[in-house]
Amino acid sequence: MSFWEYANPVKFMALSGRVLPFATVLAISCLLTGLVWGFFFTADDFKQGSTVKIIFLHVPAALMAINIWLMMLVASLIWLVRRHHVSALAARAAAPIGITMTLIALFTGAIWGKPMWGTYWAWDPRLTSFMILFVFYLGYAALWQAVEDDDTAADLTSILCMVGSVFALLSRYAVNLWNQGLHQAATLTATKQSPIDASYYYPLLVCIVGFITLFITLVLLRTRMHIRLRRTRALLAREAAQ
């Protein structure tokens, strides 16, 4: 069975309907386990005190903010190349979730930054690129609302998504590209051992899985909603033409 068969709205609705209950249960379980474990069953850091526990919200939210935009990029490219409406609607569905994740990351980062850096905000390379990414998220969502024709909106937002992907990548790698700035290097890396203690590392991993499965749950729900809205508009237009 080809992967592209699920670009058919009927098959996508059937598959997502089966996946949603499991994704929802997994998201709730991981979020509850990870956050309770992290906030209530880990010791305070010897330098940062209890503020270090913001890591269990800040890191997963920042990770998702960047990767949601990259997911939107892939979906947008699929739309531009293959013209599958489900991919365009999935990208549209992901945008508000990405906005929320970016806000959580910025807000928790400001709270964490005040006791550590002595300021809520600095024009650090990563922080600045992250703020620009947030503006692109807002512009993406606004463009969908501003253009009446869905296909035209999908074309324009796909182009915007490609441009914004530069800042998504900068948000991830700005610390590696520029030495100046307050923000520390990546907390989790695939190439070397994590610099954080195991007592924080494992609940953080559970929280990240929780955020990922929460995103999957929400994007499936919102994509299903947009497919139904598209069907409704098509039926209303057909009735009006008769």
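Worth knowing before you read on, the calculation uses all heavy atoms, side chains too, and leaves out hydrogens, waters and symmetry mates.
When every heavy atom of T102 is checked against every heavy atom of A65, the shortest pair comes out as OG1-CB, 3.4 Å.
Side-chain contact between R224 and F12 is present, with heavy atoms from C-beta onward closer than 4.5 Å. Between K53 and T42, some side-chain heavy-atom pair lies under the 4.5 Å cut-off. In this structure the side chain of V52 never reaches within 4.5 angstrom of the side chain of D44, judged on heavy atoms. Annotation: side chain of R233 is in contact with side chain of D150 (closest heavy-atom distance under 4.5 Å). No side-chain heavy atom of Y140 sits under 4.5 Å from any side-chain heavy atom of I99. Contact check for F211 versus L57: side-chain heavy atoms found under the 4.5 Å cut-off.
For R231, the salt bridge (Lys or Arg N to Asp or Glu O under 4.0 Å) criterion is met by no residue, not counting sequence neighbours. D155 meets the salt bridge (Lys or Arg N to Asp or Glu O under 4.0 Å) test with R83; sequence neighbours excluded.
Under a hydrophobic-cluster definition in which Ile, Leu, Val, Met, Phe, Trp and Tyr are linked whenever side-chain heavy atoms come within less than 4.5 Å, directly or via other members, L15 and L218 are assigned to the same cluster. Hydrophobic clustering, with ILVMFWY side chains joined whenever heavy atoms are under 4.5 angstrom apart, keeps V36 apart from I28.
Counted within 6.0 Å of CZ on F39, heavy atoms from surrounding residues, nucleotides or ligands total more than 12; the atom is thus considered enclosed.
The CZ atom of F215 sits 9.0 Å away from atom CG of N67, with the distance rounded to the nearest 0.5 Å.
By the 4.5 Å side-chain criterion applied to Ile, Leu, Val, Met, Phe, Trp and Tyr, L235 is assigned to no cluster and stands alone. Applying the under-4.5 Å side-chain rule to Ile, Leu, Val, Met, Phe, Trp and Tyr, the cluster around W79 extends to L73, L77, L80, I159, M162.
Among pairs with a residue in residues 26-40, none fulfils side-chain hydrogen bond (donor to acceptor under 3.5 Å, both in side chains), at least two apart in sequence or across chains. Residue pairs meeting the ring pair (Phe, Tyr, Trp, His ring centres under 6.0 Å) criterion with at least one member in residues 219-242: none, sequence neighbours excluded.
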